[in-house]
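Both counts, for ligands and for their atoms, begin at 1 and track the order of listing.
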Amino acid sequence: MPKGPDYQEIEGLIIPKAFSPKCLRDSLRYKPKDNDVFIVTFPKCGTTWVQHIVINILKRGLPPESFEEFQRLSPFMELTGTGIVETMPRPGAIKTHLPFNMQPYSLQAKYIYVTRNPFDCCVSLFHHSRTLPVYQYSDGTFEDFFEIFINGETEFGDYFDHLLSWYEHRNDPNVLFLVYEKIKADTRAAVLKIAKFLGQEYEDMLVKDEQMMENIIRQTSVEYMKKSTNKHFGSFFGSVHSDEEIDNENIPEGLKHVLKYMKSINFKPQSEFTFVRKGIVGDWKNHFTQKQRERLKRKCIEKFKGTEIPEFWPDILK
Ligand code: A3P
């Protein structure tokens with residue numbers, strides 16, 4: 001039996017064991033407000049990057065200043081719970097990792113879905129699970145993790161089913177379907193596309209103001225985010241919080257749950273959190289054996305049959 005990170009299953013969905021089951025249940029029942037924007041992904045497909053692009057656009061060229069501000073403007077609903085989502089200053093963007101059939105859905109809300117090639121996604125999720133202490137997976141091997149991934153048993157379920165569930169909706173007027181590798185290849189075009197989707201005024205703003213556009217591209221670059229975002233995340237998740245600090249009413253319910261969970265597993269403080277890691281295309285080549293490569297490629301061919309998905313990643317799937 002391959003050993004995976006610490007997970008739990010709630011309402012048929014696999015989530016990290018550190019998450020509050022109640023917050024997940026509340027999230028599944030959240031009723032979107034008109035004009036809610038959601039950023040939806042399978043984990044490690046570029047969520048944080050697109051959250052930062054959206055926040056930089058909504059803040060008219062300014063990046064989030066702290067972890068707290070980032071959470072306020074773009075809460076991860078299944079993690080934080082719905083309280084902070086209800087009070088989110090609007091416009092904001094709610095992050096979820098839900099497959100389409102579980103996603104709170106409204107025709108009046110907007111959905112940005114981001115996907116990434118499954119090879120790099122698998123590697124990124126492996127490192128994420130090894131690095132974050134709540135998974136209790138610092139000794140996890142890629143060999144084991146690969147089996148968990150290819151069998152669709154990681155957090156938030158099966159990568160392929162997740163992608164296919166949203167791919168069906170890629171042309172819906174309230175859905176913007178993005179591919180990580182394409183954002184990387186032409187970030188400017190992607191930022192403009194996202195701005196237009198958020199509202200014509202945002203696209204006009206960027207077309208008129210080249211300096212703002214350049215600032216946004218710089219402030220959402222992997223180099224910039226490696227410094228600022230990892231520092232922000234580390235400032236919250238890197239230390240052991242006292243009971244008094246956890247009780248603070250400004251901390252969302254689900255984050256309190258995680259902080260208590262971290263204490264329960266005797267988490268050791270760490271100043272840096274490499275949430276933003278390499279941010280490149282093709283790191284999978286440093287991890288996959290030839291056999292693993294062939295197996296995942298076969299699975300892609302079988303699952304993506306009849307779709308245009310292979311064209312997203314012609315180099316890998318040719
Ligand atoms: P790697 O682990 O391959 O480096 P998510 O935000 O969905 O959890 O995705 C995390 C992945 O996106 C990580 O991939 C991370 O490094 C990458 N990423 C984060 N910010 C990025 C940026 N500004 N540009 C490119 N990739 C970024």
Side-chain angles (χ1 to χ4, degrees), residues 5 15-16 18-19 38-57 63-64 67 70-71 73-80 93-99 111-132 134-135 137 140 142 145-146 149 154-157 159 162-163 166 177-191 194 214-234 237 272-288 313 316:
I15 57 170
F19 282 27
F38 291 88
I39 298 171
V40 188
T41 59
F42 188 80
K44 311 320 284 178
C45 288
T47 336
T48 321
W49 188 13
V50 172
Q51 283 176 288
H52 279 76
I53 293 176
V54 168
I55 291 174
N56 270 265
I57 295 170
F67 178 77
F70 174 69
Q71 278 299 316
L73 294 176
S74 190
F76 175 13
M77 187 161 68
E78 302 92 295
L79 169 65
T80 58
I94 306 156
K95 160 182 167 180
T96 85
H97 280 321
L98 298 171
Y111 299 83
I112 301 176
Y113 185 80
V114 194
T115 189
R116 183 185 197 185
N117 81 74
F119 293 71
D120 283 331
C121 172
C122 174
V123 166
S124 184
L125 192 49
F126 168 64
H127 285 291
H128 174 87
S129 315
R130 279 215 340 175
T131 312
L132 270 61
V134 286
Y135 291 102
Y137 201 56
F142 186 70
F145 190 81
F146 175 82
F149 183 86
T154 66
E155 56 188 280
F156 298 94
Y159 164 94
H162 200 285
L163 167 53
W166 280 94
F177 191 94
L178 299 172
V179 177
Y180 177 98
E181 292 77 2
K182 291 205 174 124
I183 310 176
K184 191 99 193 154
D186 191 346
T187 308
R188 172 180 293 258
V191 170
I194 292 170
E214 278 173 24
N215 289 347
I216 292 181
I217 292 174
R218 183 174 50 82
Q219 288 154 193
T220 58
S221 67
V222 69
E223 297 78 21
Y224 187 98
M225 284 180 53
K226 259 186 202 168
K227 288 194 198 114
S228 68
T229 310
N230 287 347
K231 195 165 120 218
H232 290 169
F233 278 64
F237 287 116
E272 265 281 302
F273 254 76
T274 41
F275 207 83
V276 180
R277 198 181 59 97
K278 286 192 179 173
I280 58 168
V281 178
D283 194 33
W284 64 272
K285 290 177 193 155
N286 299 318
H287 295 75
F288 276 61
W313 308 296
I316 301 177

Out of F42, Y224, W49, indicate the one that has the non-hydrogen atom closest to atom 21 (C) of ligand 1. W49
Going by the angle between their ring planes, with limits at 30° and 60°, are Y159 and F149 parallel, tilted or perpendicular? tilted
Residue, atom and distance of the protein heavy atom nearest atom 3 (O) of ligand 1 read R116 NH2, 3.0 Å
What part of K278, side chain, backbone, both or neither, has a heavy atom within less than 4.0 angstrom of ligand 1? both
Please check whether T41 reaches ligand 1 - meaning an N/O of the residue sits under 3.5 Å from an N/O of the ligand, judged on distance alone. no
Run the ring-centre check on F275 versus H232 and record whether the distance is less than 6.0 Å. no
Is the contact between T220 and ligand 1 made by the side chain, the backbone, both, or neither, using heavy atoms and a 4.0 Å cut-off? backbone
What closest approach, in Å, do F42 and H162 show between heavy atoms, and which atom pair accounts for it? N-CE1, 3.5 Å
If you measure every N or O of P43 against every N or O of ligand 1, does any of those distances drop under 3.5 Å? no
Please confirm whether H127 approaches ligand 1 to less than 4.0 Å, judged on its heavy atoms. no
Of all residues at least two apart in sequence or in a different chain, which pass the side chain to side chain donor-acceptor pair (under 3.5 Å) check with D283? R277, K278, N286
For the residue pair W166 and Y111, categorise the inter-ring angle as parallel (less than 30°), tilted (30 to 60°) or perpendicular (more than 60°). tilted
Identity and distance of the protein heavy atom lying nearest atom 15 (C) of ligand 1: R277 N, 3.8 Å
For K226, state whether at least one heavy atom is located under 4.0 Å from any atom of ligand 1. no
Strictly under 4.0 Å, does any heavy atom of D120 approach an atom of ligand 1? no
For atom 13 (C) of ligand 1, the closest protein heavy atom turns out to be S124 OG, 3.6 Å
Nearest to atom 12 (O) of ligand 1, what protein heavy atom do you find, and at what distance? Y180 CE1, 4.0 Å
Residue among F145, F126, F142 satisfying ring pair (Phe, Tyr, Trp, His ring centres under 6.0 Å) with F288: F142
